[in-house]
Chemist: 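First, the structure itself, so that you have it in front of you.
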Amino acid sequence: MISFLQNILQKHHKWLLSILLLVIVIAFVFTIGASPGIGKSNVKHIYFYGYDLANASDVNELVTNAVCTEFLSGRDYDYAAKHLDFLVMRRVIALGLANEFKIPDPSPENLKAHIKKLPIFIDESGKFSPSLYESALKKMEENSVEQEKLKKILCENYRIGEVETALAGPGVAFDSQVMDRLSNLYAEYDFIATIVSDDDIRVDEDIVAASIENFYGEHMDKYVQPPMYSVSAVRFPSCAFEKDVKSPEESELLSFFEENRQSFPSDVEFDAASGDVRAKYTAAEAMKLACSAAENFAESLCEKDTAPGGADLEEILKKFGLRAEKIPPFSHENPPQVDGIDAQLLLSMCRMDGTRCYSDPCQTADGAVVLLLDGKEEERQLPLDEVRVTVREDVIRAKKMAAFADKIERIRREILVGLSAGEDIVQILHKNSLSHESFRGISIGNADEKGIDLECKYAIASFGKNDKVRLISCDKNRVKMLIITGRNEQRNDFATHRIREMELAIKILQRQNFLFDFFNSQAEKFSRQRKFL
């Protein structure tokens with residue numbers, strides 16, 4: 001039995017094997033290390049960001065979550081084994097900072113976006129694959145990583161990502177540079193916030209006219225029409241088949257009522273709902289007939305080996321008494337919204353290889369539909385005459401963006417020079433027609449209480465000791481500017497204490513390096529002999 005399990009894990013669930021090995025080894029070492037007279041009994045217990053790194057239970061949880069994270073990132077268990085101490089410590093620090101900065105759990109939308117970026121769910125085309133997602137979920141559930149546990153790990157990973165963004169670090173290590181930045185997080189800042197917009201920027205129309213041809217020549221790749229697909233929809237509305245539904249017997253209606261009890265009020269009996277039952281029965285049978293007619297139509301297309309736009313297609317449509325509804329031409333990148341037709345079904349027509357010109361029958365809310373590929377227009381370079389209006393708008397936009405960038409840089413330089421000369425920054429802002437808002441005593445810890453939004457909070461976190469101005473993009477034509485007017489570093493003693501505590505925690509793990517050496521040796525032994533378990 002052991003050999004059977006070992007073979008299954010080795011061949012199909014190598015990532016889970018790493019978790020098992022880690023948990024078994026850590027539990028073994030911590031148990032021995034904590035036993036009287038065995039190993040080092042003077043292991044120091046400290047609570048570092050809420051975790052006791054000398055407690056097997058706490059460390060086991062961190063190890064399991066860290067290795068699962070590596071699995072979700074597409075790395076193999078060898079990486080987790082070699083960098084285990086780093087992965088555990090990084091997770092402890094990042095989650096602790098996320099709690100201190102009061103970074104919330106992701107919203108459902110943010111969590112969904114985070115999941116879609118995970119390497120394990122990305123297919124060969126570089127896009128999120130629902131099938132890979134479902135397969136991974138199933139694999140993890142089979143190996144006792146329940147969805148609730150997985151969701152907790154994903155939420156933690158999202159918050160860790162937010163911390164790394166705030167620190168503006170490399171995202172792979174809390175090195176000395178990031179530690180220095182961490183010490184700055186506890187400083188308190190006085191700053192002014194102002195909004196710079198492009199509302200007053202104007203572009204000379206004559207210059208625009210002269211620039212159109214040059215701009216088009218320099219950016220011809222922007223004016224390429226992608227392959228366009230002409231598609232028609234042949235609909236089979238279920239209401240058209242209601243007249244063909246045979247009148248049901250009482251027993252058939254009663255059976256339908258029992259099978260679809262959830263579709264009717266729970267306190268209503270069959271006799272009282274007979275009219276509603278009959279209507280729903282008729283609608284359900286009409287839907288079946290509509291789907292059957294769509295399948296017969298698709299089979300006729302297959303038998304005739306119908307080509308796009310061929311005479312056979314017109315003949316079959318006439319035979320069935322059908323008409324094809326033209327859909328406006330579209331590209332793969334921009335499918336249209338067509339009533340009752342799923343966008344993915346439309347996109348499937350872009351993948352037709354020329355041997356087939358119709359989709360499989362697809363049930364819709366009001367019947368069924370079969371799509372027909374009428375033709376494909378290959379990618380082409382759009383001539384200037386066709387896109388002159390668009391090019392003109394792009395020239396105006398580019399010139400406004402350049403002028404806006406010059407305006408921001410000019411104001412920024414004025415502010416920096418003014419700060420160095422001790423000038424009144426508010427006067428500089430007024431001279432540039434900019435309103436402002438002042439904030440005092442802002443740190444990461446109290447930013448939420450003072451009404452500081454998340455982007456400003458991250459900007460404050462990234463300020464260095466010599467930085468004076470930070471720019472935050474609000475949208476395409478507005479930029480928020482933060483100007484530091486004062487800095488109080490009294491709280492840095494607390495930050496220094498944190499860093500020393502961090503170094504101590506790292507030493508505790510490094511003191512037990514034999515644990516990781518033991519894991520690596522056993523993993524290598526397992527790979528050679530397949531008999532470790």
Side-chain angles (χ1 to χ4, degrees), residues 9-23 49 51 60-99 101 103-174 178 332-333 343-344 347 454-455 458 523:
L9 289 170
Q10 176 69 8
K11 291 178 180 178
H12 302 292
H13 305 296
K14 201 172 184 180
W15 70 271
L16 176 65
L17 176 63
S18 67
I19 297 177
L20 293 175
L21 285 172
L22 289 169
V23 172
Y49 285 104
Y51 291 93
N60 282 350
E61 179 185 352
L62 283 167
V63 167
T64 302
N65 294 354
V67 175
C68 281
T69 297
E70 297 311 299
F71 168 69
L72 293 169
S73 300
R75 295 193 182 99
D76 57 23
Y77 85 110
D78 292 325
Y79 179 87
K82 292 176 182 176
H83 302 86
L84 182 59
D85 50 351
F86 156 73
L87 294 173
V88 171
M89 183 54 61
R90 171 174 173 259
R91 192 170 194 87
V92 172
I93 296 169
L95 288 175
L97 291 176
N99 292 333
F101 299 164
I103 294 177
D105 281 337
S107 66
E109 295 75 18
N110 287 340
L111 182 58
K112 186 176 180 181
H114 173 73
I115 290 172
K116 287 188 174 182
K117 295 177 183 177
L118 292 174
I120 194 173
F121 304 138
I122 304 299
D123 61 19
E124 295 179 354
S125 66
K127 296 182 179 179
F128 174 76
S129 170
S131 61
L132 288 177
Y133 175 71
E134 294 296 333
S135 174
L137 282 187
K138 184 177 180 182
K139 182 186 296 184
M140 297 187 85
E141 282 186 356
E142 289 173 352
N143 292 283
S144 301
V145 181
E146 301 295 338
Q147 286 200 26
E148 198 61 34
K149 172 71 171 175
L150 177 59
K151 182 180 179 181
K152 179 176 181 291
I153 294 172
L154 290 170
C155 288
E156 288 182 351
N157 292 348
Y158 173 88
R159 298 177 72 223
I160 288 172
E162 296 290 282
V163 169
E164 290 170 350
T165 301
L167 290 173
V172 295
F174 283 81
V178 180
H332 183 273
E333 293 75 21
Q344 292 302 318
L347 290 177
L454 198 60
E455 284 187 308
Y458 286 170

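Worth saying up front: this structure is predicted, and the values here are computed from it rather than measured. Positions are given from 1, in the same order as the sequence printed here.
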Chemist: Could you measure the distance from the NZ atom of K151 to the CG atom of D105? Nearest 0.5 Å is fine.
Modeler: 8.5 Å
Chemist: Under a 4.5 Å cut-off applied to non-hydrogen side-chain atoms, are N157 and L118 in contact?
Modeler: no
Chemist: Are L132 and I120 side-chain neighbours, meaning at least one heavy-atom pair lies under 4.5 Å?
Modeler: no
Chemist: With sequence neighbours left out, write down each residue that passes salt bridge (charged side-chain N to carboxylate O under 4.0 Å, His left out) with K152, or none if nothing qualifies.
Modeler: E61, E156
Chemist: Is E148 atom CD crowded by more than 12 heavy atoms from other residues, nucleotides or ligands, each under 6.0 Å away?
Modeler: no
Chemist: For residues L72 and P119, report the shortest heavy-atom separation together with the two atoms involved.
Modeler: O-CD, 3.6 Å
Chemist: Shortest non-hydrogen contact from K149 to N65?
Modeler: NZ-OD1, 2.9 Å
Chemist: Could you tell me which non-hydrogen atom of P106 sits nearest to which non-hydrogen atom of L111, and how far apart they are?
Modeler: CB-N, 3.9 Å
Chemist: I need the F121 CZ to I115 CD1 distance, nearest 0.5 Å.
Modeler: 6.5 Å
Chemist: Identify, with sequence neighbours excluded, every residue that meets ring-ring contact (aromatic ring centres under 6.0 Å, His included) alongside F128.
Modeler: Y133
Chemist: State which residues pass side chain to side chain donor-acceptor pair (under 3.5 Å) with S131; sequence neighbours excluded, sorted by chain then number.
Modeler: S129
